[in-house]
Asks: 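There's a structure below that I have some questions on.
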Amino acid sequence: MKVEVQLGDITSISVDAIVNAANPGLLGGGGVDGAIHRAGGPKILEECQRIREHRYPEGLPRGLAVTTTAGDLPATWVIHTAGPIFSRGEDRSAILASCYRESLKEAGRVGARTIAFPAISAGVYGWPVEDATDIAVQAVLHSPPDVQEKIQKVILVAFSPEVENAWKQALKNSKS
Ligand code: AR6
C-alpha cells in the first residue's frame with residue numbers, strides 16, 4: 001500500500017473511492033461534503049437518503065463509514081464517514097482513527113484499490129490540523145494486513161498548502 005500526498009480538490013481526483021468528511025445525518029453540509037454533493041449530483045444524496053431510511057434511521061454513528069455511488073464524479077464510489085467534533089475536554093482521537101480504518105475497510109469490501117482522503121474533522125469540526133493528520137497517518141499505516149493487501153494506493157488530499165505540509169510532516173513523523 002503506497003501513501004501519497006496531493007494538493008487539490010478531492011472531487012477531481014481519479015481514484016476508485018473518495019472519502020467524504022460527512023456528518024451523521026448524511027444529507028450534505030459544507031466543506032468537502034458540500035463540494036462532493038455539488039460535483040457528484042443528486043444520485044449521491046438519493047443513496048444517502050436510502051441508507052438513512054433503511055440502515056441508519058438515527059444517523060451514521062461517528063467513526064463508521066458507508067459507501068454510495070460517486071454519481072458524476074471521476075471516482076466510482078464515495079465512502080461517507082462522520083468524524084468527531086474536536087473537544088478540548090475529551091479525547092476523541094479513537095473515533096477519528098476509526099473513520100480512517102472503517103473507510104479503508106469499506107474500500108476493501110467494495111473492491112476499491114485506490115482511495116483518497118480529506119483531512120477528516122480538520123475543517124468545520126475544528127480539529128487542529130497537525131494533530132488530525134498525525135492521527136490519520138497512524139491509522140492508515142497501521143491498517144490490518146488484509147486491508148493493506150487490497151488497497152494499492154492511499155492519497156492524502158490537502159485543500160491548502162498548510163494541510164499539505166501537515167500531511168507531509170505526519171508522514172515524516174511516522175518514520176522517525
Ligand atoms: N477537497 C479536498 N479537501 C477539502 C475540500 C475539497 N473540495 N473542501 C474542503 N476540504 P470539512 P470536517 C478540506 O470542514 O471538519 C460539513 O458541513 C478542508 O480544508 O470539510 O470533518 C459536514 O457536513 C479540511 O482540511 O470537514 C459536517 O457537518 C478538510 O477538508 C462537517 O462539515 C475537512 O474539512 C464536517 O467537518
Side-chain angles (χ1 to χ4, degrees), residues 3-42 44-49 51-52 56 58-68 70-75 77-88 90-104 106-107 114-137 139-140 153-171:
V3 182
E4 289 173 7
V5 176
Q6 194 172 314
L7 179 65
D9 183 339
I10 203 167
T11 61
S12 55
I13 296 183
S14 288
V15 278
D16 296 334
I18 64 168
V19 175
N20 182 15
N23 61 62
L26 287 178
L27 303 179
V32 73
D33 193 8
I36 287 172
H37 281 282
R38 268 195 307 278
I44 301 176
L45 187 60
E46 279 164 27
E47 253 189 76
C48 284
Q49 278 162 339
I51 289 170
R52 278 298 307 277
Y56 291 113
E58 317 262 284
L60 175 69
R62 294 182 194 274
L64 295 190
V66 291
T67 307
T68 66
D72 302 330
L73 295 173
W77 296 282
V78 175
I79 296 172
H80 306 260
T81 187
I85 298 168
F86 179 71
S87 160
R88 294 218 173 268
E90 191 187 4
D91 180 8
R92 298 175 178 167
S93 48
I95 304 171
L96 184 55
S98 172
C99 289
Y100 288 88
R101 266 201 318 274
E102 292 294 319
S103 297
L104 286 166
E106 273 295 286
T114 53
I115 180 169
F117 281 99
I120 299 164
S121 292
V124 174
Y125 281 173
W127 207 294
V129 67
E130 277 84 9
D131 197 37
T133 49
D134 265 335
I135 293 164
V137 163
V140 168
K153 188 160 75 175
V154 175
I155 301 179
L156 304 170
V157 182
F159 205 43
S160 66
E162 185 207 351
V163 176
E164 185 187 24
N165 286 336
W167 279 131
K168 287 184 174 164
Q169 190 58 47
L171 283 172

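Counting starts at 1 for both ligands and their atoms, following the listed order. Computed over heavy atoms, backbone and side chain alike; hydrogens, waters and symmetry mates excluded. These numbers come from a predicted model, not from an experiment.
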Asks: Within ligand 1, which atoms have a heavy atom of A21 less than 4.0 Å away?
Replies: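 This gives 21 (O), 22 (C), 26 (O), 35 (C) as the contact atoms.
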Asks: Looking only at distances, can you tell me whether any N or O atom of V163, backbone or side chain, sits closer than 3.5 Å to an N or O atom of ligand 1?
Replies: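 N/O-N/O distance under 3.5 Å: no.
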Asks: Just by modelled atom types, is the P84 backbone N or O under 3.5 Å from a matching donor or acceptor in the S121 side chain?
Replies: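 Present.
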Asks: Can you name the salt bridge (Lys or Arg N to Asp or Glu O under 4.0 Å) partners of E164, sequence neighbours left out?
Replies: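 Listed in chain order: K168.
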Asks: Ligand 1 versus S160, non-hydrogen atoms closer than 4.0 Å: side chain, backbone, both, neither?
Replies: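 For S160, there is no contact with ligand 1 at all, from either part.
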Asks: Going by the angle between their ring planes, with limits at 30° and 60°, are Y100 and F117 parallel, tilted or perpendicular?
Replies: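 Tilted.
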Asks: Please write down residue, atom name and distance for the protein heavy atom closest to atom 30 (O) of ligand 1.
Replies: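 Looking only at protein heavy atoms, the one closest to atom 30 (O) of ligand 1 is P118 CB, 3.9 Å.
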Asks: Any heavy-atom pair between the side chains of V3 and V140 that's under 4.5 Å?
Replies: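 A side-chain contact exists here, since the closest heavy-atom pair is under 4.5 Å.
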Asks: Under a 3.5 Å distance rule, please check whether T81 uses its side chain to pair with a backbone N or O of A21 as donor and acceptor.
Replies: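 No; zero donor-acceptor contacts below 3.5 Å.
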Asks: Measuring to protein heavy atoms, does anything land under 4.0 Å from atom 2 (C) of ligand 1?
Replies: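 So atom 2 (C) of ligand 1 has protein heavy-atom neighbours under 4.0 Å.
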Asks: Look at atom 14 (O) of ligand 1 and say which protein heavy atom is nearest, naming residue and atom and giving the distance to 0.1 Å.
Replies: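 Ranking protein heavy atoms by distance from atom 14 (O) of ligand 1, first comes V124 N, 2.7 Å.
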Asks: Flag yes if more than 12 heavy atoms outside E4 fall under 6.0 Å of its CD atom; otherwise flag no.
Replies: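 Count over threshold, so yes.
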Asks: I'd like to check which ligand 1 atoms, numbered from 1 as shown, lie under 4.0 Å from a non-hydrogen atom of G31.
Replies: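 Going through ligand 1 atom by atom, the ones under 4.0 Å from G31 are 8 (N), 20 (O).
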Asks: So, do Y56 and L64 sit near enough that their side-chain heavy atoms are less than 4.5 Å apart?
Replies: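 When only atoms from C-beta onward are counted, L64 and Y56 do touch, with a gap below 4.5 Å.
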Asks: Could you list which atoms of ligand 1 come closer than 4.0 Å to a heavy atom of D33?
Replies: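 The list of qualifying atoms is 22 (C), 23 (O).
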Asks: Just to confirm my output: which protein heavy-atom neighbour is closest to atom 33 (C) of ligand 1, and how far is it?
Replies: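 Ranked first by proximity to atom 33 (C) of ligand 1 is A119 O, 3.1 Å.
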Asks: Could you tell me which atoms of ligand 1, counted from 1 in the order shown, lie closer than 4.0 angstrom to a heavy atom of N23?
Replies: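 Within the 4.0 Å cut-off of N23, ligand 1 contributes 22 (C), 23 (O), 27 (C), 28 (O).
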Asks: Quick one: salt bridge (Lys or Arg N to Asp or Glu O under 4.0 Å) partners of E90, sequence neighbours excluded?
Replies: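 With sequence neighbours excluded, E90 shows a salt bridge (Lys or Arg N to Asp or Glu O under 4.0 Å) to R92, given in chain and number order.
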Asks: For A122, take its heavy atoms, then give the atoms of ligand 1 lying under 4.0 Å from any of them.
Replies: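 Checking each atom against A122, I get 15 (O).
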Asks: Examine the proximity of ligand 1 to A35 and report which part, side chain or backbone, both or neither, has a heavy atom under 4.0 Å away.
Replies: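 Side chain only; the backbone of A35 stays clear of ligand 1.
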Asks: Examine distances only and state if a side-chain atom of R52 and a backbone atom of G25 form a donor-acceptor pair shorter than 3.5 Å.
Replies: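 Present.
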Asks: For atom 20 (O) of ligand 1, grab the closest protein heavy atom and report residue, atom and distance to one decimal in Å.
Replies: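 Atom 20 (O) of ligand 1 sits closest to the protein heavy atom V32 N, 2.7 Å.
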Asks: Closer than 3.5 angstrom, by distance alone: can the side chain of S98 be matched with the main-chain N or O of A94 as a donor-acceptor pair?
Replies: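 Not confirmed, S98 side chain does not pair with A94 backbone.
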Asks: Decide whether an N or O pair under 3.5 Å exists between G123 and ligand 1.
Replies: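 Yes; at least one N/O pair falls below 3.5 Å.
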Asks: Could you tell me whether some N/O pair between S121 and ligand 1 is separated by less than 3.5 angstrom?
Replies: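 Yes: some nitrogen or oxygen of S121 is under 3.5 Å from one in ligand 1.
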Asks: Look at ligand 1 and say whether G83 reaches it with a heavy atom at a distance under 4.0 Å.
Replies: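 Checking ligand 1 against G83, which is what was asked, there is no heavy-atom contact under 4.0 Å.
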Asks: For atom 19 (O) of ligand 1, find the nearest protein heavy atom and state the residue, atom name and distance (0.1 Å precision).
Replies: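 It is F159 CB, 3.8 Å.
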Asks: Backbone N or O of G28 within a donor-acceptor pair of the N23 side chain at under 3.5 Å?
Replies: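 Yes; at least one donor-acceptor contact below 3.5 Å.
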Asks: Which value, rounded to the nearest 0.5 Å, describes the distance between I13 atom CD1 and I115 atom CD1?
Replies: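 I13 atom CD1 to I115 atom CD1 measures 11.5 Å (nearest 0.5 Å).
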Asks: To check your reading of the model: name the closest protein heavy atom to atom 17 (O) of ligand 1, its residue, and the distance in Å.
Replies: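 Of the protein heavy atoms, G30 N, 2.7 Å lies nearest.
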Asks: Indicate yes or no: does an N/O atom of I120 lie under 3.5 Å from an N/O atom of ligand 1?
Replies: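 No: no nitrogen or oxygen of I120 is under 3.5 Å from one in ligand 1.
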Asks: Ignoring angles and geometry beyond distance, decide whether G126 reaches within less than 3.5 Å of ligand 1 through its nitrogen or oxygen atoms.
Replies: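 No: no nitrogen or oxygen of G126 is under 3.5 Å from one in ligand 1.
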Asks: Using heavy-atom distances, let me know which of Y125, F86, F117 sits nearest atom 27 (C) of ligand 1.
Replies: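 The nearest heavy atom belongs to Y125.
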Asks: Of all the heavy atoms in D9, does at least one lie under 4.0 Å from an atom in ligand 1?
Replies: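 A heavy atom of D9 does come that close to ligand 1.
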Asks: Between T114 (side chain) and V15 (backbone), is there a donor-acceptor pair under 3.5 Å?
Replies: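 Flag not set: sc T114 to bb V15 has no pair under 3.5 Å.
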